[in-house]
Amino acid sequence: MPPIRTVDSIIAENKVVVFSKSFCPFCKKVKALFDELKVIYECLELDLMGDEGHILHQDLIKKTGQTSVPNIFINGKHIGGCDKTLALHADGTLQTMLDGTYREYDYDLVVLGGGSGGLAASKEAASLGKKVAVCDFVTPSPIGTTWGLGGTCVNVGCIPKKLMHTASLIGETLKDAPCFGWEVPENVKHDWARMVDEIQTYIKSLNFGYRKTLRENSVTYINAYAQFCDPSDPHKLKVTSKSKSYEITARKFLIAVGGRPKYPDIPGAKEFGITSDDIFSLPYCPGKTLIVGGSYIALECAGFLAGLGLDVTVMVRSILLRGFDQQMAKMIGDHMNKHGVKFLSECVPTSVERIEEGTPGLLRVSGKLKDGEVVSGNYNTVLFAVGREACTKNIGLAEIGVILNTDNGKVICDDEEKSSLDHVYAIGDVLDGRLELTPVAVEAGRNLAQRLYGGSTVRTDYSNVPTTVFTPLEYGCVGMSEDAAVALYGVDDIEVYHAHFQPLEFELSKRDNFISYAKLVCVKSEMERVVGFHVLGPNAGEITQGYALTLKLKATKSDFNRLIGIHPTCAEVFTTMNISKSSGAALQKTAC
Ligand code: FAD
Ligand code: NA7
């Protein structure tokens, strides 16, 4: 009689064991995987082993609690069934188990940064059964502003920005209200402190909601600053909270630390200036404000501050909205100027001095024009919007071997957000060469988690991402600027259809008469495929979101022509545009 085999004796004698049934498709899948990986394994087809098979199966159930097959062991460690094995293969763990380099970690995944991208990725990974932690820590701004969980968008970006933009639009609507029969008292005043208080209360409710959702999704929230601390162990992280410092390990890391505003290197900038990190919680009205910078954060802040009735000047080094369609950028600048925003063009700041204490106090700002002329002015507040820098300094990434772009400190990754280290990934604002937008970070985070742990192969499609600049007259766009399309296809292959339109809601007050504008940039040689969509007008974001799909689906101008509009809306202008730039015909003016 041969000695009676037990599950324990079999797994002790063999590195890899598959308890299988010959007809089971899941068993076949696992065996095929091991064959493909050229793994030598002991396979026991329990259904073909008579009584011994039955006894072994009962023994297996007792040992593992698992009734189904396949039931897999590697180096004596119980792995589980088919799904578990495939998932371990997908995230690279199976290989480490097979080649003997397997190591137990505190977490499967640690995410550095609890912003838009980090939160999305961590919840998705946890929902796929992984042990996940998120480290999030807000370093106070130079004037001491700090905030809660959720990152830039929720605390010092999209959310408070759009709410302040809304506050300013309400002011505009109040001016129109008498034309609609409302009796509005004269000298209606805006209360800055009340607005900030309401916005901050709302944001705190969002911070609370994020903490709750992490708990509900079994993601560990570590309110601490995370740094790789040991170049010889790239799986180890030091986390430093307000009260203690300790180390954790993880199989994989996701860098989602975002960015923070830059300051120009001039005297007084950090001592007396503020940035978008401070404006949304500023407890006092900023008063007469100088905004330095010509990009979208500068213009949006200038727009809502002016809309709230403040005296606003924008100091622009070169052009407005670099990277955006320059015809649209000029229209935005002209519109803002008409509404009282002053522009100090081709000028850079050289110093900021305090000349009066107070909240807001008084500052003297000096600057230099392009021709060398020195200018200066007094302002209550100076807000710098001169770009953002990736939060990758001092977190030990380069030391563990992660390659960063030396110009901007961002993490260089492949098309699957993997860095130069196999177990380190990056998404969101810190990922080099991608758009800095919340939905982009969220999509990348979800897709990455699905690929790492859910067997997905879907990559994030970074093309044709719609966006909106929330200036007083909003600007929405998707696809290429006219300038970029001409550069790529050549001027002869581009046709632009355009129209000015008047939103119905502006008609009674005759506000911004026919300033709103729409254009489609089309490639002639591709049956006038639309490669650029641009709209300047109320609710441009809402309009652009819907039409963005048409660019994804490669719509042509004739598709737009065949689409029936919704009347009376601003969006319908895109269904009726028939004047092309090349025709030289007088610009169409459409009332909605
Ligand atoms: P973040 O949201 O920045 O999150 C990173 C988190 O990591 C932060 O909480 C940070 O404190 C933390 N962190 C950093 N280093 C560490 C560390 N070492 N350890 C632990 N934690 C760390 N996008 C839009 O789509 N629409 C808009 O209208 C819009 N408006 C904006 C307006 C403004 C004023 C700004 C500044 C940005 C705006 N954005 C907008 C951009 C959007 O906010 C960002 O693209 C988005 O927040 C990026 O998400 P993220 O996850 O990459 O990083
Ligand atoms: P951007 O988009 O990087 O733009 C920075 C702006 O600031 C741009 O107009 C620059 O002018 C200007 N700038 C840069 N440095 C200076 C100095 N030293 N002095 C004066 N002006 C300067 O930054 P934002 O802050 O608007 O937004 C950053 C990102 O955050 C953005 O991509 C969003 O998605 C989220 P330039 O055109 O270079 O002459």
Non-hydrogen side-chain atoms of [X] and [Y] separated by less than 4.5 Å:
{"X": "Val110", "Y": "Ile248", "result": "yes"}
{"X": "Glu300", "Y": "Ser276", "result": "no"}
{"X": "Glu247", "Y": "Asp230", "result": "no"}
{"X": "Val257", "Y": "Tyr225", "result": "no"}
{"X": "Thr460", "Y": "Ile427", "result": "no"}
{"X": "Thr467", "Y": "Tyr296", "result": "no"}
{"X": "Lys252", "Y": "Lys130", "result": "no"}
{"X": "Phe324", "Y": "Cys477", "result": "yes"}

Return yes when atom [atom1] of [X] has more than 12 non-hydrogen atoms of other residues, nucleotides or ligands closer than 6.0 Å, and no otherwise.
{"X": "Lys554", "atom1": "NZ", "result": "no"}
{"X": "Ile143", "atom1": "CD1", "result": "yes"}
{"X": "Tyr462", "atom1": "OH", "result": "yes"}
{"X": "Arg103", "atom1": "CZ", "result": "yes"}
{"X": "Tyr284", "atom1": "OH", "result": "yes"}

Rounded to the nearest 0.5 Å, what's the gap from [atom1] on [X] to [atom2] on [Y]? Could you check?
{"X": "Leu174", "Y": "Leu169", "atom1": "CG", "atom2": "CG", "value": "11.0 Å"}
{"X": "Asp265", "Y": "Lys270", "atom1": "CG", "atom2": "NZ", "value": "8.5 Å"}
{"X": "Ile279", "Y": "Ile297", "atom1": "CD1", "atom2": "CD1", "value": "12.5 Å"}
{"X": "Lys162", "Y": "Phe304", "atom1": "NZ", "atom2": "CZ", "value": "13.5 Å"}
{"X": "Thr313", "Y": "Tyr379", "atom1": "OG1", "atom2": "OH", "value": "4.0 Å"}
{"X": "Lys236", "Y": "Asp106", "atom1": "NZ", "atom2": "CG", "value": "11.0 Å"}

| field | Candidate pair Tyr210 and Val154, rule side-chain contact (heavy atoms from CB on, under 4.5 Å), full reasoning | value | CA-CA 10 Å; Tyr210 289 125; Val154 181; 3.3 Å; yes
| Those residues that, when tested against Glu474, pass side chain to side chain donor-acceptor pair (under 3.5 Å) (two or more places apart) | His165
| query | Can you name the residues that form a side chain to side chain donor-acceptor pair (under 3.5 Å) with Asp176, not counting sequence neighbours? | reply |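 Scan of Asp176 (side chain to side chain donor-acceptor pair (under 3.5 Å), adjacent residues dropped) gives Ser509, Arg511.
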| said: One pair to check against side-chain contact (heavy atoms from CB on, under 4.5 Å): Arg260 and Cys391. What are the steps and the verdict? | reply: CA-CA 7 Å; Arg260 294 293 291 268; Cys391 295; 3.5 Å; yes
| task | Give me the one residue out of Val219, Leu109, Thr220 that meets side chain to side chain contact (heavy atoms under 4.5 Å, CB included) with Val134. | result |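 With Val134 as partner, side chain to side chain contact (heavy atoms under 4.5 Å, CB included) holds for just one option, Val219.
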| query | How would you list, by chain and number, every residue that makes a side chain to side chain contact (heavy atoms under 4.5 Å, CB included) with Asp325, sequence neighbours excluded? | reply | Gln327, Met328, Tyr475, Ser481, Glu482, Asp483, Lys519, His534
| said: Suppose we screen for side chain to side chain contact (heavy atoms under 4.5 Å, CB included). Which residues come up paired with Thr381, at least two apart in sequence or across chains? | reply: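 Applying side chain to side chain contact (heavy atoms under 4.5 Å, CB included) to Thr381 gives Ile274, Pro286, Thr289, Pro360.
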Show me, pair by pair, the donor-acceptor contacts under 3.5 angstrom made by side chains of residues 434-443, not counting sequence neighbours?
| unit_1 | atom_1 | unit_2 | atom_2 | d |
| --- | --- | --- | --- | --- |
| Glu436 | OE2 | Lys410 | NZ | 2.6 |
| Thr438 | OG1 | Ser116 | OG | 3.3 |
| Glu443 | OE2 | Asn447 | ND2 | 3.4 |

| said: Please determine whether a side-chain nitrogen of the Lys or Arg among Arg459 and Glu416 lies less than 4.0 Å from a carboxylate oxygen of the Asp or Glu. | reply: yes
| task | Give the ring-plane orientation class for His190 versus Trp192, where under 30° counts as parallel, over 60° as perpendicular and anything between as tilted. | result | perpendicular
| message | Please give me the minimum heavy-atom distance between Arg388 and Gly259, naming the atom from each residue. | response |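 Reported closest heavy-atom pair: NH2-O, 2.6 Å.
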| request: Mind listing the closest non-hydrogen atom pair of Cys153 and Cys158 along with its distance? | output: SG-SG, 3.0 Å
Keeping [X] on the side-chain end and [Y] on the backbone end, is there a donor-acceptor pair under 3.5 Å?
{"X": "Asp414", "Y": "Glu417", "result": "yes"}
{"X": "Ser420", "Y": "Gly401", "result": "yes"}
{"X": "Asp136", "Y": "Tyr221", "result": "no"}
{"X": "Ser419", "Y": "Val424", "result": "yes"}
{"X": "His423", "Y": "Pro234", "result": "yes"}

| query | Without hydrogens or angle criteria, can the side chains of Asp277 and Thr145 be said to hold a donor-acceptor pair below 3.5 Å? | reply |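 Side-chain D/A pair, Asp277 to Thr145: absent.
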| field | Asn380-Asp311 side chain donor-acceptor pair, cut-off 3.5 Å | value |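 Asp311 and Asn380 do not have a side-chain donor-acceptor pair below 3.5 Å.
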| Residues Phe228, Glu399; criterion side-chain contact (heavy atoms from CB on, under 4.5 Å); working and verdict | CA-CA 8 Å; Phe228 291 94; Glu399 287 76 358; over 6 Å; no
| query | Going through the checks in order, is the side-chain contact (heavy atoms from CB on, under 4.5 Å) test met by Phe253 and Leu421? | reply | CA-CA 10 Å; Phe253 293 94; Leu421 281 193; over 6 Å; no
| note | Residues passing the ring-ring contact (aromatic ring centres under 6.0 Å, His included) test with Tyr105, sequence neighbours excluded, are His235
